[in-house]
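This report concerns only the one structure given below.
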2 protein chains.
Amino acid sequence: MTSGLDLVVNLSEFTYKQRKEIYGEKEPAAYVYQVTKGAVRTYKLLSDGRRQIGAFHLAGDIFGLENGETHRFTAEAVVDTTVRLIRRESLENAANKDAVVFLDLLSKTTRNLEQVENHLLLLGRKTSLERVAAFLLEMDQRSAAAGVLSLPMSRRDIADYLGLTMETVSRSVSRLRQAGVLDFIGNTHREIVIHDRRQLAGFD
Amino acid sequence: MTSGLDLVVNLSEFTYKQRKEIYGEKEPAAYVYQVTKGAVRTYKLLSDGRRQIGAFHLAGDIFGLENGETHRFTAEAVVDTTVRLIRRESLENAANKDAVVFLDLLSKTTRNLEQVENHLLLLGRKTSLERVAAFLLEMDQRSAAAGVLSLPMSRRDIADYLGLTMETVSRSVSRLRQAGVLDFIGNTHREIVIHDRRQLAGFD
DNA sequence: CGCGGCGTTGACGATGGTCAATTTTCGTGG
DNA sequence: CCACGAAAATTGACCATCGTCAACGCCGCG
């Protein structure tokens with residue numbers, strides 16, 4: 001699938017080690033990023049350290065696309081991650097010359113908005129079990145192999161995405177496991193098989 | 001302040017009575033709206049009736065601007081409300097002819113995104129008192145007369161915006177009142193004076 | 001007046017958070 | 001390969017915040 005961003009000339013790649021910051025909230029937005037390999041979390045912090053993760057970005061995803069001058073989240077590598085870099089300036093030039101690029105920019109922003117709006121409903125009104133079920137379904141849809149997920153992020157990351165604590169996430173996963181809708185693969189607790197997607201959707 | 005949307009020819013106005021639906025979620029988006037007078041709430045529902053209000057739109061605000069074909073929220077008049085209507089089609093025509101309109105579209109979408117992203121942090125990580133304080137500060141900033149607000153929406157509406165119940169909203173307002181940061185004016189409980197904006201911000 | 005809607009307040013309960021112990025996994029170095 | 005220590009995940013006990021349910025008050029309106 002090609003898109004407007006692909007039309008922009010772009011040569012640089014960069015690799016960030018696990019936990020390294022890619023950019024900070026309120027920093028000037030010099031680049032737009034696309035994940036080549038790995039995973040990125042974008043988040044906001046309160047002064048006392050409470051964290052809200054806005055999104056996880058996996059291979060192929062674009063992040064750091066701002067229309068203002070500064071980034072509105074901090075971005076960090078969840079695991080060792082490679083990103084393609086696109087200069088903001090060159091993107092703006094391309095958008096001015098080519099309406100397709102511009103349209104694509106608007107469309108990507110809108111898709112982003114849509115996803116965030118759905119997350120509002122989750123954070124404002126869903127129970128812990130519903131949140132975790134929705135998260136697993138989301139990850140399942142985004143992963144290559146349906147029914148089998150390999151989560152790059154920790155329980156704490158998931159918790160901060162879902163507005164919960166890691167203990168509550170853990171308990172919810174355990175409940176789903178006991179209910180027979182999913183199971184762990186191998187010895188990690190980050191590799192999951194979903195036995196019954198219907199049933200999982202029933203919890204959401 | 002003029003903007004791209006003002007360049008679009010637009011003649012029709014319409015008035016909705018309190019509680020009347022302006023459009024429903026997933027309906028085709030035929031129009032974009034601007035509030036002339038009154039207030040509008042946009043929300044999503046879960047199947048069991050739980051409601052999450054995404055935003056309140058006051059005089060001057062634009063809502064219903066979608067880039068897909070359908071509305072992503074239901075919109076309803078909070079009080080008797082007059083809106084200006086802009087045909088989606090005519091907006092698209094204008095955007096194709098005039099880059100300024102197009103840029104404005106993107107900028108409005110981004111501002112919308114920014115606001116929703118901040119609401120994520122509120123819903124995911126703030127306490128009830130922090131939420132109510134943030135809400136009152138938001139309304140204060142958006143209202144004409146600083147320090148004095150006249151809320152068009154009920155406690156239940158506020159609750160569904162903040163991811164709380166109306167009882168918790170009521171209790172939080174009471175606590176702020178007892179703490180001396182605000183007070184009611186007259187006999188209604190929707191007219192509020194903020195005595196100490198600094199102190200209120202301290203709760204957020 | 002009395003009725004209805006809205007808001008407040010109180011008592012109680014449940015969901016999810018906190019704190020802590022235990023288990024499992026993983027990375028490092030012999 | 002195994003051993004050790006650190007980090008992550010799970011689990012349990014207890015607690016706090018917020019939700020539920022209900023009573024009451026206030027105001028507006030017939």
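The sequence lines fix the lettering, A, B, ..., with proteins before strands; numbering per chain opens at 1.
- Distance CG (B:Asn187) to C1' (C:dG7): 13 Å, rounded to an integer number of Å.
- In terms of phosphate contacts, B:His189 brings a side-chain nitrogen or oxygen within less than 4.0 Å of OP1 or OP2 of C:dT8.
- Closest to the side chain of A:Leu164, out of D:dC18, C:dG16, D:dC27, is C:dG16.
- The CD atom of A:Glu191 sits 13 Å away from the P atom of D:dA9 (whole-angstrom rounding).
- Of the candidate nucleotides D:dT20, D:dT11, C:dT8, D:dT20 has the atom nearest to the side chain of B:Arg171.
- Nearer to the 5' terminus of DNA chain C, by closest-nucleotide assignment, is the contact made by A:Arg131 (compared with the other of A:Thr188 and A:Arg131).
- Close to D:dC18, at under 4.0 Å from its OP1 or OP2, lies a side-chain N or O of B:Ser128.
- The phosphate of D:dC18 has neither OP1 nor OP2 within less than 4.0 Å of any side-chain N or O from B:Thr168.
- Remark: side-chain polar atoms of B:Asn67 are not paired, donor with acceptor, to backbone N or O of A:Ser107 under 3.5 angstrom.
- Side-chain contact check for A:Thr74 and A:Glu25: no donor-acceptor pair (N or O, by modelled atom type) lies under 3.5 Å.
- With hydrogens and angles ignored, a donor-acceptor pair under 3.5 angstrom links the side chain of B:Glu167 to the base of D:dC21.
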- Message: Between A:Ser128 and A:Thr168, does the side-chain hydrogen bond (donor to acceptor under 3.5 Å, both in side chains) criterion hold? Intermediate values first, please.
- Response: CA-CA 7 Å; A:Ser128 58; A:Thr168 298; over 6 Å; no

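- In this entry the distance linking CZ of A:Arg156 with P of C:dG17 reads 12 Å, nearest Å.
- Between B:Leu182 atom CG and C:dT8 atom P the separation is 11 Å, expressed in whole Å.
- Here C:dT8 presents its C1' atom at 14 Å from CD1 of B:Ile192, a figure rounded to the nearest Å.
- Contact annotation: side chain of B:Arg190 to base of C:dG7, donor-acceptor pair absent below 3.5 Å.
- For A:Tyr161 and A:His119, the distance between ring centers is under 6.0 angstrom.
- Listed pair B:Arg155 / C:dT8 meets the phosphate criterion, a side-chain N or O lying under 4.0 Å from OP1 or OP2.
- Each of A:Arg125 and A:Arg177 was matched to the nucleotide of DNA chain D holding its nearest heavy atom; the match closer to the 5' end belongs to A:Arg177.
- Among C:dG7, D:dA13, C:dC6, the nucleotide with an atom closest to any side-chain atom of B:Arg19 is C:dC6.
- Straight-line distance from the CG atom of A:Leu129 to the C1' atom of C:dA14: 15 Å, rounded to whole Å.
- The nearest whole Å value for the distance from the CZ atom in A:Phe184 to the P atom in D:dA9 is 10 Å.
- The residue A:Gly163 sits close only to the backbone: its heavy atoms come under 4.0 Å of sugar-phosphate atoms, none of a base.
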- Task: Dump the intermediate steps for side-chain contact (heavy atoms from CB on, under 4.5 Å) on A:Phe63 and A:Val83, then the final yes or no.
- Result: CA-CA 10 Å; A:Phe63 67 98; A:Val83 296; 4.1 Å; yes

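- Rounding to whole angstrom units, CE of residue B:Met166 and C1' of D:dA23 are separated by 13 Å.
- Checked against D:dT11, D:dC18, C:dG16, the side chain of A:Ser174 finds its nearest nucleotide in D:dT11.
- The side-chain tip of A:Arg51 points at the ring of A:Tyr43 from less than 6.0 angstrom away and within 45° of straight on.
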